[in-house]
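Structure, as structure tokens:
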Amino acid sequence: MPELPEVETYARGLQPLIGRRFLGARALWLRSVPTGPDLLGPRIAGQVVIDVARRGKYIVFTLSDDVLLVHLKMTGELVVAPAAAPPDPHARVVFDLDAGEELRFHDPRKFGRVYLVADPAQVTGALGPEPLADDFTPQAFAARLAGRRGRLKSLLLDQTFVAGVGNIYADEALHRARLHPLRPADSLTPDEQVRLYDAIRAVLRQGIANRGTNLDWAYTQGTNQDVLRVFHRHGQPCLTCGTLIERMTVGQRGTHFCPQCQPLLRLEVAG
DNA sequence: CCACCGTCCTGGCTGC
DNA sequence: TGCAGCCAGGACGGTG
């Protein structure tokens with residue numbers, strides 16, 4: 001499931017497409033293109049790639065006239081291949097590039113989406129702040145937490161709260177911040193708020209430095225799976241304290257945590 | 001604002 | 001060995 005670090009790695013890897021021209025496109029699975037599968041090819045034909053970037057979990061191709069956004073969801077991949085290469089049975093959208101190549105959107109589970117729009121805000125307008133941006137300060141984070149009574153885990157997964165955090169990095173950030181996933185968001189002390197802020201940025205930066213987390217899916221060359229401390233480690237000892245990592249369901253999401261390092265009730269230690 | 005549920009999909013897993 | 005059935009997972013829409 002590509003999250004911010006994986007999508008960032010993708011966007012960086014696609015930089016060589018800058019300057020290339022789309023000649024056309026075809027949607028092989030119509031629902032993959034909510035903005036109109038039939039319009040995609042005629043509209044993108046002739047447009048040149050000006051920039052490739054990331055916003056939240058979206059890959060954003062700025063084109064000469066429009067903006068192409070791709071959300072990989074869980075199993076999506078983007079691959080540049082020679083047009084003569086063997087067809088991909090899981091290709092959902094195929095873009096014709098110049099120089100006899102194709103950009104293939106491959107997605108076995110068909111959850112990913114491709115949007116071609118004039119204004120990217122049509123797709124990304126509701127997203128929360130970028131957690132690694134300079135203007136995302138501890139004060140801004142604390143202000144967003146204020147009055148939110150929901151559970152931390154659910155809030156971290158809310159893309160309108162902070163953009164780009166998914167299940168892996170939410171669990172990792174909470175463990176690093178020593179906060180239980182069920183803690184009400186507005187119950188954090190100032191120290192805990194700063195710990196969570198620092199932890200979110202640290203795990204995302206580490207993920208980017210490691211070129212993403214590569215679990216059951218082979219689409220990244222990332223190594224971040226080697227440094228995960230709780231995600232998918234239930235039944236194994238916590239790397240901090242040795243207590244067995246537990247798994248629970250929070251908001252329909254598998255959630256992994258250390259009951260010792262992340263107590264639900266803060267222990268009042270007599271001074 | 002928040003909780004919860006259904007929907008979309010299919011590969012991979014479990015259990016028999 | 002084969003097959004049926006279940007489930008994860010991000011985002012969104014609907015409901016209470």
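Sequence lines set the chain letters: A, B, ... in the order given, protein chains first and strands last, and positions in each chain run from 1. As the structure is a computational prediction, the values presented were derived from the model and not from experiment.
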Review point. Is a side-chain donor or acceptor of Q262(A) paired with a backbone partner of H180(A) at a separation under 3.5 angstrom?
Key: no

Study note, to complete from the structure: Here the distance between atom C1' of dC8(B) and atom CZ of R92(A), to the nearest Å, is 13 Å

Review point. H256(A) vs F231(A) aromatic rings, parallel, tilted or perpendicular, using cut-offs 30° and 60°?
Key: perpendicular

Practice item. Take the protein atom CD1 of I168(A) and the nucleotide atom P of dA8(C), then report the distance between them rounded to whole Å. Key: 16 Å

Check your understanding: Just how large is the angle between the end axes of the helix from dC2(B)-dG16(C) to dC16(B)-dG2(C), five pairs per end, to 10 degrees?
Key -> 50°

Point to revise | Electrostatic pair R176(A):D198(A) at N-O distance under 4.0 angstrom | key: no

Study note, to complete from the structure: Quick note, R247(A) side chain, CB onward, closest among dG11(B), dA8(C), dA11(C) is dA8(C)

Study note, to complete from the structure: Sorted by position of nearest nucleotide on DNA chain B, 5' first, the leading residue of Q252(A) and R31(A) is Q252(A)

Point to revise | Given DNA chain C, 5'-ward residue of the pair T249(A) and Y58(A), judged by closest heavy atom | key: T249(A)

Revision key, fill the gap. M74(A) CE to dC7(C) P, in whole Å, measures 16 Å

Practice item. Grab the CG-P distance between D186(A) and dC2(B) for me, whole Å please. Key: 9 Å

Practice item. Please confirm whether any donor atom in the side chain of R151(A) sits under 3.5 Å from an acceptor in the base of dA3(B), or the reverse. Key: no

Point to revise | Between C1' of dG9(C) and CD of E3(A), the distance in whole Å | key: 11 Å

Point to revise | Whole-Å gap separating P (dA3(B)) and NZ (K153(A)) | key: 14 Å

Check your understanding: Does OP1 or OP2 of dC9(B) have a side-chain N or O of H90(A) closer than 4.0 Å?
Key -> no

Review point. Separation of Q159(A) atom CD from dG9(C) atom P, in whole Å?
Key: 15 Å

Revision key, fill the gap. To the nearest angstrom, the CZ-C1' distance between R253(A) and dC12(C) comes to 11 Å

**Study point:** Phosphate contact (dA11(C) OP1 or OP2) by H71(A) side-chain N/O below 4.0 Å
**Key:** yes

Practice item. Answer yes when R26(A) and E102(A) have at least one side-chain N-carboxylate O distance shorter than 4.0 Å, and no when they do not. Key: yes

Validation: residues 40-55 of chain A side-chain donor-acceptor distances under 3.5 Å, sequence neighbours left out:
unit_1, atom_1, unit_2, atom_2, d
R43(A), NE, D66(A), OD2, 2.8
R43(A), NH2, D66(A), OD1, 3.0
Q47(A), OE1, D65(A), N, 2.9
Q47(A), OE1, D66(A), N, 2.9
Q47(A), NE2, R43(A), O, 2.9
Q47(A), NE2, D66(A), OD2, 2.9
R54(A), NE, E8(A), OE1, 2.7
R54(A), NH1, G56(A), O, 2.9
R54(A), NH1, E130(A), OE1, 2.9
R54(A), NH2, E130(A), OE1, 2.9
R55(A), NH1, G128(A), O, 3.1
R55(A), NH1, E130(A), OE2, 2.9
R55(A), NH2, L127(A), O, 3.4
R55(A), NH2, G128(A), O, 2.9

Study note, to complete from the structure: Rounding to 0.5 Å, atoms CZ (R151(A)) and CZ (R183(A)) come to a distance of 14.0 Å

Practice item. Using the six-membered ring wherever Trp is involved, compare the ring planes of Y197(A) and F141(A) and label them parallel, tilted or perpendicular (cut-offs 30° and 60°). Key: tilted

Point to revise | Any R148(A) side-chain nitrogen or oxygen under 4.0 Å from OP1 or OP2 of dC2(B) | key: yes

Check your understanding: Can you tell me if the side-chain N/O atoms of K73(A) get under 4.0 Å from OP1 or OP2 in dA11(C)?
Key -> no

Review point. Which part of the nucleic acid does R149(A) contact within heavy-atom distance under 4.0 Å: base, sugar-phosphate only, or nothing?
Key: sugar-phosphate

Study note, to complete from the structure: The nucleotide from dT10(B), dA11(C), dG9(C) with an atom nearest the side chain of K110(A) is dT10(B)

Check your understanding: So do V162(A) and L156(A) actually touch side chain to side chain, heavy atoms under 4.5 Å?
Key -> no

Review point. Does R109(A) get its side chain close enough to the base of dG11(B), under 3.5 Å, for a donor-acceptor pair?
Key: yes

Practice item. Looking at every strand, decide which applies to D107(A) at a 4.0 Å heavy-atom threshold: base, sugar-phosphate, or nothing. Key: nothing

